[in-house]
Amino acid sequence: MLKYRRILLKLSGESLAGEDGYGISPAMLDRYAEEIRQVLELGAEIALVIGGGNIFRGMSAAAENMDRVQADQMGMLATVINALALQDALERKGIFTRLMSAIKMEQVAEPFIRRRAIRHLEKGRVVIFGAGTGNPYFTTDTAASLRAIEIEADVIIKGTRVDGVYDSDPEKNPAAEMYSNISYQDVLTKNLRVMDLTAITLCRENLLPLVVMNMNIENNFSRLVTGDTVGTLVHRGADSD
């Protein structure tokens, strides 16, 4: 029995860079594709949103005086590059996929159409959503929340390089403590930067659970989907621990 059947998996662009910190690592592509294959074979339906920070970060460029709209559009194209790379890695493992873009690019990807995306999932295809929301000023975290709500996902799983949600940055503070679960309100109140404000608000208003976990630990993804306690659950409840 699966704890979550229809899943929106959010990956950062930086996660594809591996230890290089920039670009796309073939080893990381293969690792993530294998984790996704294992969960797919359990009977789950999987959609993906991936960032573009390993290639270009629109907000960083805007901070360097580039026009924000132009910078965000470049960032959207970076997500499509990552999506194409991940699509190739999945298909080399025999997985049927569809890449759907929020920006029209018919020779590369299908346009995002909600009913078509749901149908692809029902047919066992992994659906990759590229180009964010298609609009500037919105992050890929917000795109993940929006797409998860639209396809009626059971959960958003944010795959990171840390084990869950901490009270401070565990990469900077060795004494940081991890929450096993926490409410959306506490995330906002404590400014924990799990996802951006818009993404968290969308999840809270639509009662969509979010799990933050370490995607770089082997079998974490499949363990979570089959009911093991992995990472941090962010939910509507009032209490956290």
Can you tell if the side chain of K158 reaches within under 4.5 Å of the side chain of D141, non-hydrogen atoms only? yes

With side chains defined as the heavy atoms from C-beta onward, is the minimum distance between I200 and T198 less than 4.5 Å? no

Nearest 0.5 angstrom please: D169 CG to L192 CG, how far? 11.5 Å

D88 side chain to L84 backbone, donor-acceptor under 3.5 Å: no

When rounded to the nearest 0.5 angstrom, what is the spacing between CD1 in I149 and CG in L207? 10.0 Å

Nearest 0.5 angstrom please: Q87 CD to I50 CD1, how far? 12.0 Å

Can you see which heavy atom on G132 is nearest to which on T79, and at what distance? N-OG1, 3.9 Å

Got more than 12 heavy atoms from elsewhere within 6.0 Å of CZ, R193? no

Any chance you could lay out the side-chain contact (heavy atoms from CB on, under 4.5 Å) test for D228 and K3, step after step, and finish with the verdict? CA-CA 9 Å; D228 285 359; K3 184 175 182 179; over 6 Å; no

Which residue in the set E91, E110, E122 passes salt bridge (charged side-chain N to carboxylate O under 4.0 Å, His left out) when paired with R98? E110

Does a side-chain heavy-atom distance below 4.5 Å link Y22 with E14? no

Between N220 and N214, a side-chain donor and acceptor under 3.5 Å: no

With a 4.5 Å cut-off on side-chain heavy atoms, are M178 and T232 touching? yes

Stepwise side-chain contact (heavy atoms from CB on, under 4.5 Å) check, N216 with M28: CA-CA 9 Å; N216 293 336; M28 296 305 298; 3.5 Å; yes

Would you say CD of E19 has more than 12 non-hydrogen atoms from neighbouring residues, nucleotides or ligands within 6.0 angstrom? no

Within 45° cone of Y184 ring axis and under 6.0 Å: R236 NZ or CZ: no

Any chance you could lay out the side-chain contact (heavy atoms from CB on, under 4.5 Å) test for Y4 and L224, step after step, and finish with the verdict? CA-CA 9 Å; Y4 305 112; L224 173 62; 4.3 Å; yes

Counting only N and O atoms by type, is there a donor-acceptor contact under 3.5 Å from the side chain of N54 to the main-chain atoms of G23? yes

By salt bridge (Lys or Arg N to Asp or Glu O under 4.0 Å), K104 pairs with (sequence neighbours left out) none

Could you work out, with salt bridge (Lys or Arg N to Asp or Glu O under 4.0 Å) as the rule, every residue matching R125, not counting sequence neighbours? none

Indicate yes or no: at least one non-hydrogen side-chain atom of D72 is less than 4.5 angstrom from one of R68. yes

Would you check if the side chain of T133 reaches a backbone N or O of A143 as a donor-acceptor pair within less than 3.5 Å? no

Shared hydrophobic cluster, V187 / L197 (ILVMFWY, side-chain heavy atoms < 4.5 Å): yes

After noting the C-alpha distance and the side-chain angles of M100 and V127, does the key distance pass the side-chain contact (heavy atoms from CB on, under 4.5 Å) rule? CA-CA 7 Å; M100 307 190 86; V127 179; 3.8 Å; yes

Measuring from atom OG of S183 to atom CG of L188, what distance do you get when rounded to the nearest 0.5 angstrom? 8.5 Å

Taking all non-hydrogen atoms of both residues, which atom of T140 and which atom of G51 are closest, and how far apart? OG1-CA, 3.8 Å

Full working for salt bridge (Lys or Arg N to Asp or Glu O under 4.0 Å) between E41 and R37: CA-CA 6 Å; E41 289 187 349; R37 184 193 65 79; 2.8 Å; yes

Cut-off 3.5 Å, side chains only: do D196 and T142 have a donor facing an acceptor? yes

Determine whether V211 and V234 make a side-chain contact, defined as any pair of heavy atoms from C-beta on separated by less than 4.5 Å. no

Of the non-hydrogen atoms in A144 and I156, which two are nearest, and what is the gap between them? O-CD1, 3.9 Å

Can you hop from V225 to I217 via hydrophobic side chains spaced under 4.5 Å? no

S25 versus G18, closest heavy-atom pair with distance: CB-N, 4.4 Å

Which Ile, Leu, Val, Met, Phe, Trp or Tyr residues join V69 in one cluster when any pair of side-chain heavy atoms under 4.5 Å counts as a link? Y137

Where T229 and R223 come nearest, the two heavy atoms and their spacing: O-NH2, 4.0 Å

Specify the closest pair of heavy atoms between D154 and R5, including all atoms of both residues, with the distance to one decimal. OD2-N, 3.0 Å

Can you check whether F112 and F129 have ring centres sitting under 6.0 Å from each other? yes

Rounded to the nearest 0.5 Å, what's the gap from CZ on R92 to CG on L29? Could you check? 7.0 Å

Taking atom CD of Q185 as the centre, does the number of heavy atoms from other residues, nucleotides or ligands within less than 6.0 Å exceed 12? yes

Among the clusters formed by ILVMFWY side chains lying less than 4.5 Å apart, do M215 and L42 turn up in the same one? yes

In this structure, would V108 and I24 fall into the same cluster of hydrophobic residues linked by side-chain contacts under 4.5 Å? yes

Does F138 belong to the same Ile/Leu/Val/Met/Phe/Trp/Tyr cluster as I103, with side-chain heavy atoms less than 4.5 Å apart forming each link? no

Just how far is it from atom CG of L208 to atom CG of L146, taken to the nearest 0.5 Å? 11.0 Å

Quick one: are L90 and F96 in side-chain contact, heavy atoms under 4.5 Å? no

Got L2 and T226 here, is their nearest side-chain heavy-atom distance under 4.5 Å? yes

